[in-house]
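Inspection log for the structure reproduced underneath, given as structure tokens.
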Amino acid sequence: MTDANAASFEAFLREWMVRQKDLLDELLSAQRHRDELHDDDRRELISRVLSHYEQYYQEKSRIANRDILLAFSPSWFSSLERSFLWIAGFKPGMVIQLANQVLDDLSEEQRERMSELNQETKSEERALNDELAKIQESVGASPLVEAARSHGRSCLSESYRTEEGGGEVPETLKIALENLVVNADTLRMNTALKAMKILKPYQAVNVLVAVAELHIRIRTWGLEKDAHQGGAGR
């Protein structure tokens with residue numbers, strides 16, 4: 001079943017990435033034709049981009065419900081992509097960091113609001129880190145969940161086969177991890193939505209361009225690196 005779940009999400013991700021690149025082309029076009037576009041057109045594009053990310057989280061949630069360990073160490077990611085993982089995804093505050101790097105025309109009010117959002121997001125990230133630590137403590141002295149995140153789901157599965165005598169994640173742990181992923185994904189989306197509301201439409205377009213370009217670049221580099229290392233090892 002695990003292989004089937006992984007294959008299902010990999011198929012979804014391939015189509016999702018094609019759409020991601022199409023949306024990036026639209027964002028770049030909007031960026032180039034800034035003086036020709038109305039804000040309503042930009043808002044419509046921004047809405048479609050955010051809906052695209054929401055679709056990703058909805059599909060990931062379904063996979064997590066079927067196999068929570070797969071969500072923590074996704075086989076469809078390159079080793080480079082997995083190095084960025086924080087509770088089955090990127091850190092929510094990354095979008096704020098990109099906005100601060102990309103935009104040099106934020107007003108003083110916008111800077112203050114982004115700073116407040118950053119502090120709020122960091123506080124919620126810490127709360128989720130604390131929750132993950134409690135889950136780790138609940139499964140024994142060794143941080144098994146962290147091991148799954150860092151070294152692959154197999155080591156956590158092996159631990160359960162050895163220590164629990166079964167091979168399945170205990171139901172209470174499964175529910176706790178699922179809730180953790182849902183809350184982390186909710187924070188990711190809410191942070192992005194709040195940031196978009198602080199920014200002017202053309203600024204939001206610039207940030208979404210940076211997010212998409214970084215995402216595509218990391219995925220491309222990661223897959224190429226893994227392919228090269230795999231070829232070198234044969």
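By convention here, the first residue in the shown sequence is residue 1.
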Taking NZ, NE, NH1 and NH2 as the nitrogens, is one of them in Arg48 or Glu44 under 4.0 Å from a carboxylate oxygen of the other? yes

Main-chain N/O of Ser47 paired with Ser51 side-chain donor or acceptor, under 3.5 Å: yes

Can you name the ring-ring contact (aromatic ring centres under 6.0 Å, His included) partners of Trp221, sequence neighbours left out? none

Strictly by salt bridge (charged side-chain N to carboxylate O under 4.0 Å, His left out), give each pair with a member in residues 210-222 just once, sequence neighbours left out. Glu81-Arg219

Contact between Leu70 and Ser75 at the side-chain level, heavy atoms closer than 4.5 Å - yes or no? yes

Could you check if a side-chain atom of Glu26 sits within less than 4.5 angstrom of a side-chain atom of Val49, using non-hydrogen atoms only? no

Residues that Ser8 engages under side chain to side chain contact (heavy atoms under 4.5 Å, CB included), provided they are two or more places apart: Glu59, Arg66

Looking only at non-hydrogen atoms, find the nearest pair between Pro74 and Ala71 and report the distance. CD-O, 3.6 Å

Transitive ILVMFWY side-chain link Tyr57 to Ile46, under 4.5 Å: yes

So, taking the atom named CZ in Arg32 and the one named CG in Leu27, what distance separates them when rounded to the nearest 0.5 Å? 10.5 Å

Spacing of CZ belonging to Arg62 relative to CG belonging to Asn5, to within rounding of 0.5 Å: 12.0 Å

Listed by chain and number, what are the side chain to side chain contact (heavy atoms under 4.5 Å, CB included) partners of Asn183, not counting sequence neighbours? Leu128

Same apolar cluster (I L V M F W Y, side chains within < 4.5 Å links), Val211/Phe90: yes

Salt bridge (charged side-chain N to carboxylate O under 4.0 Å, His left out) partners of residues 175-187, not counting sequence neighbours, each pair once: Lys60-Asp185, Lys174-Glu178, Asp185-Arg188

By side chain to side chain contact (heavy atoms under 4.5 Å, CB included) - contacts of Ser107 (at least two apart): Glu109, Gln110

Kindly compute the distance separating CD (Glu108) from CZ (Arg111), expressed to the nearest 0.5 Å. 7.0 Å

Within a 6.0 Å radius of atom CD on Glu36, are there more than 12 heavy atoms belonging to other residues, nucleotides or ligands? yes

Applying salt bridge (Lys or Arg N to Asp or Glu O under 4.0 Å) to Arg34 and not counting sequence neighbours gives none

Can you list, pair by pair, the side-chain donor-acceptor contacts under 3.5 Å of residues 93-102, counting residues two or more places apart and other chains?
{"from": "Asn100", "atom 1": "ND2", "to": "Ile96", "atom 2": "O", "distance (Å)": "3.4"}

Atom CD in Gln20, atom CG in Asp25: separation rounded to 0.5 Å? 10.5 Å

Residues in side chain to side chain contact (heavy atoms under 4.5 Å, CB included) contact with Gln55, at least two apart in sequence or another chain: Phe12, Trp16, His52

Residues which pass side chain to side chain donor-acceptor pair (under 3.5 Å) with Asn129, listed by chain and number, not counting sequence neighbours: Trp86

Enumerate donor-acceptor pairs with a distance under 3.5 Å from any side-chain N or O in residues 191-202 to protein atoms, sequence neighbours excluded.
{"from": "Thr191", "atom 1": "OG1", "to": "Leu187", "atom 2": "O", "distance (Å)": "2.7"}
{"from": "Lys194", "atom 1": "NZ", "to": "Glu120", "atom 2": "OE2", "distance (Å)": "2.6"}
{"from": "Tyr202", "atom 1": "OH", "to": "Asp105", "atom 2": "OD2", "distance (Å)": "2.4"}

Separation of Phe72 CZ from Arg82 CZ (nearest 0.5 Å): 15.0 Å

Taking the side chain as C-beta and beyond, is there a heavy-atom pair between Glu125 and Thr121 under 4.5 Å? yes

Among residues at least two apart in sequence or on other chains, which ones pass salt bridge (Lys or Arg N to Asp or Glu O under 4.0 Å) with Arg42? Asp39

Sub-3.5 Å donor-acceptor pair from the side chain of Ser123 to the main-chain atoms of Gln119, do we have one? no

Check the pair Asp226 / Ser79 against side-chain hydrogen bond (donor to acceptor under 3.5 Å, both in side chains), numbers first and verdict last. CA-CA 7 Å; Asp226 285 356; Ser79 54; 2.7 Å; yes

For the atom pair CZ (Arg14) and CH2 (Trp76), what is the distance rounded to the nearest 0.5 Å? 12.5 Å

Side chain to side chain contact (heavy atoms under 4.5 Å, CB included) partner of Ile68, chosen from Ile63, Leu177, Leu180: Leu177

Flag side-chain contact, heavy atom, 4.5 Å: Leu85 against Phe77: yes

Linking I/L/V/M/F/W/Y whenever any side-chain heavy atoms sit under 4.5 Å apart, do Leu37 and Leu28 land together? no

Group every Ile, Leu, Val, Met, Phe, Trp and Tyr by side-chain heavy-atom contacts under 4.5 Å, then state whether Val182 and Ile175 land in the same group. no

Under 4.5 Å between side-chain heavy atoms, hopping through other hydrophobics if needed: is there a path connecting Leu214 to Val205? yes

